[in-house]
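What follows is one structure encoded as structure tokens, with my remarks underneath.
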Amino acid sequence: MTSADLVTSASPRRHNGHSLTTRIVIYGLLTLFALVYLVPLLVMVMTSLKPLGEVTGGNMFAVPEHLTLRPWVDAWGEARIGVSETRGIHGYFLNSVKMVIPAVLISTLLGALNGYVLTKWRFPGHKLVFGMMLFACFIPFQSVIIPMAVILGALGRIGVDLYDLTGWSFGLGNATVNLVIVHVIYGLGFTTLFFRNYYENFPNELVKAAMIDGASFFQIFRRVLLPNSTPIFIVTVIYQFTNIWNDFLFGSTFAAGDSAPMTVALNNLVNTSTGVVEYNVNMAAAIIAAAPTLLVYVVAGRYFVRGLMAGAVKG
Amino acid sequence: MATLEIAALRKRFGTIEVLKGIDITLEKGGFLVLVGPSGCGKSTLLNTIAGLEQISSGEIRIAGNDVSHLHPSKRDIAMVFQSYALYPNMSVAENIGFGMEMRGVPRAERDKAVAAVAKTLQIEHLLSRRPSQLSGGQRQRVAMGRALVRRPSIFLFDEPLSNLDAKLRVDMRIEIKRLHQTTGSTIVYVTHDQIEAMTLATKIAVLKNGELQQVGSPSEIYDRPANTFVADFMGSPAMNLLEGTVTAANGAPRVVIARKEGEPIVLPIPASADAGKLQDGARVIFGIRPEAVNDSESIDRNARSVVKFDATVEIVEPAGSDTFVVIHAAGKELTARMRADADLRRGQNHTFAFNLDKAVLFDPQTTARI
Ligand SMILES: Nc1ncnc2c1ncn2[C@@H]1O[C@H](COP(=O)(O)OP(=O)(O)OP(=O)(O)O)[C@@H](O)[C@H]1O
Ligand SMILES: [Mg+2]
């Protein structure tokens with residue numbers, strides 16, 4: 001109503017003149033920033049499609065003369081990664097996929113469950129618990145590395161004992177499992193924050209109606225809360241996916257050698273100290289490393305914006 | 001045996017006592033309406049009956065069983081919420097059938113029950129829609145369908161019509177009344193709407209600050225309010241309350257209402273009052289409904305006790321079916337409900353009359369009716 005009032009009260013001419021300059025400034029800035037962000041990507045794509053000679057000899061902004069997919073094939077299957085025996089980044093890519101999917105799903109579902117309890121099943125001290133979970137969002141990565149290493153070491157020893165007892169370590173001690181554990185714990189503060197704020201505005205009467213209908217704690221969660229959480233679910237998945245996929249510190253600390261995630265492998269590939277630097281292969285590998293997060297944004301980005309907006313307006 | 005018995009019910013939120021000892025019984029097929037100002041505890045009372053709020057002390061019995069500490073789903077109740085609380089992700093049919101699904105009723109039986117309820121409420125054509133694709137009135141029906149399908153001992157309604165527009169509200173009110181009469185169900189109903197309360201209830205309970213002021217039939221509440229709060233709260237426009245004094249001079253006791261200008265109005269003790277309790281010189285509050293104040297010619301012909309007085313017209317409010325006339329009497333404004341075509345103008349001096357059959361007296365100290 002207020003915006004309508006503003007529009008009608010301003011004189012039409014002034015309004016138009018005003019909006020034209022504004023438009024020029026807005027579109028100018030948007031174009032500028034789009035270029036700033038797109039040019040590096042364009043250079044990467046072009047470089048990855050050139051033979052090495054053209055890269056080292058020519059201009060960075062030049063369009064490839066001899067288009068080739070060789071650098072992509074090399075990056076995926078042939079390139080030497082650090083001192084490892086296995087070649088190409090495909091194994092590490094798979095490591096990242098095996099880490100990111102369970103880590104994202106588990107942390108998101110646990111965050112949703114936390115948000116559900118913190119808003120719909122309040123208990124004495126729920127504010128304190130939420131405050132401490134929020135605090136977890138502000139703990140720097142570096143400060144948890146050593147305690148985390150101690151805990152993972154202990155879990156690894158339990159894994160060995162379990163293996164001796166049962167013939168299966170239950171995944172304890174496995175580097176990918178370790179990374180999943182680390183990312184789930186570290187991400188829980190954020191996912192809880194997202195879901196708690198979303199469920200804060202979720203009508204209590206729906207929960208009460210479901211209680212009268214005889215739904216249990218988990219039935220209410222699964223049948224009433226979760227199906228109505230799509231926007232925040234997507235926001236959380238994107239956020240977690242991006243963070244976990246792009247993580248380097250935990251990956252390089254807790255997963256060495258062949259079990260390293262994509263980010264660590266990319267670093268080892270690029271920072272190699274032997275032979276010539278194959279920029280075209282490096283670029284191809286970098287694009288492969290960035291592709292999943294880009295894909296997630298393209299597929300679900302509009303929900304991301306919508307979810308953030310919904311939270312902002314309702315809050 | 002009553003279907004609902006509430007005894008000495010208390011509810012505290014932290015240190016704040018919201019319900020301060022409620023005793024109500026409701027017989028089978030009864031329609032209890034809870035009214036009271038905002039924040040008086042109506043919703044809280046309803047929620048404690050439903051089991052959505054734990055009680056601090058007291059007892060709630062439904063159909064003879066103590067349900068005070070049972071889970072809501074085990075209390076044999078169904079509730080209709082103000083916001084309808086339909087599950088947005090489910091179709092109308094799934095919404096109505098959800099409770100049965102949770103109780104493990106087989107699909108075929110569920111579908112049959114849903115179809116039967118949909119037929120009663122005439123929402124068969126909506127069964128596959130989502131709540132977001134329904135109008136307010138249709139959502140209301142679905143919410144009632146979800147309650148009806150359970151066939152509970154007691155239906156609980158928390159201001160179910162307050163989100164509807166005026167016309168639809170009247171339609172749905174009549175529908176609820178019809179449903180109550182045809183199914184003989186037992187209902188507890190919270191509302192802010194005077195007319196809903198008067199038309200639907202077999203029993204009205206007036207709450208104030210978590211305390212029951214009066215429980216009775218609509219006519220008891222309206223004609224014989226237990227205190228000045230109930231008198232003032234029920235009815236629109238509100239009951240006229242005038243201060244007066246009892247005088248026993250010259251034989252029978254009378255109530256004298258002094259006026260700033262002109263003769264005091266002297267009234268015989270209304271039939272409703274217990275004359276034995278009135279002492280000479282005692283102060284009283286004289287209460288009379290606007291419809292018992294009228295033109296001296298148009299006052300109810302069957303009235304046994306009528307007192308006429310002259311007064312000046314202050315405000316004339318034509319309201320379509322009636323005209324409300326505010327007159328100045330006894331230093332206080334007095335509202336009269338008159339014929340729509342009453343020909344009165346501001347400033348005019350006119351003879352009015354009280355129909356004392358409908359009048360009541362209150363004690364100014366305790367505010368209770370005498
Ligand atoms: N969960 C709660 N915690 C603390 N106080 C509460 C809680 N729920 C209700 N109250 C208080 O209890 C009192 C009664 O609330 P209730 O909702 O029953 O009022 P109501 O009669 O239904 O009012 P309205 O007509 O506005 O719906 C209010 O003063 C309210 O602030
Ligand atoms: Mg209420």
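Just so we're on the same page: letters track the sequence lines, and every chain starts at 1.
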Any Lys/Arg nitrogen of [X] or [Y] sitting under 4.0 Å from an Asp/Glu carboxylate oxygen of the other?
{"X": "R141(B)", "Y": "E124(B)", "value": "no"}
{"X": "R10(B)", "Y": "E17(B)", "value": "yes"}
{"X": "D111(B)", "Y": "R107(B)", "value": "yes"}
{"X": "R61(B)", "Y": "E59(B)", "value": "yes"}

Using non-hydrogen atoms and a 4.5 Å limit, figure out which bit of [X] sits close to chain A: side chain, backbone, both or neither.
{"X": "I77(B)", "answer": "both"}
{"X": "M100(B)", "answer": "neither"}
{"X": "D158(B)", "answer": "neither"}

Using a cut-off of under 4.5 Å for heavy-atom pairs, which of R150(B), R146(B), M79(B) has the most such pairs with chain A?
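Top option by heavy-atom pairs under 4.5 Å: R150(B).
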Among S216(A), A210(A), P203(A), who wins on heavy-atom pairs under 4.5 Å with chain B?
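Answer, by heavy-atom pair count under 4.5 Å with chain B: A210(A).
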Can you say whether the rings of F123(A) and H126(A) are parallel (under 30°), tilted (30 to 60°) or perpendicular (over 60°)?
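The arrangement is perpendicular - the two ring planes meet at more than 60°.
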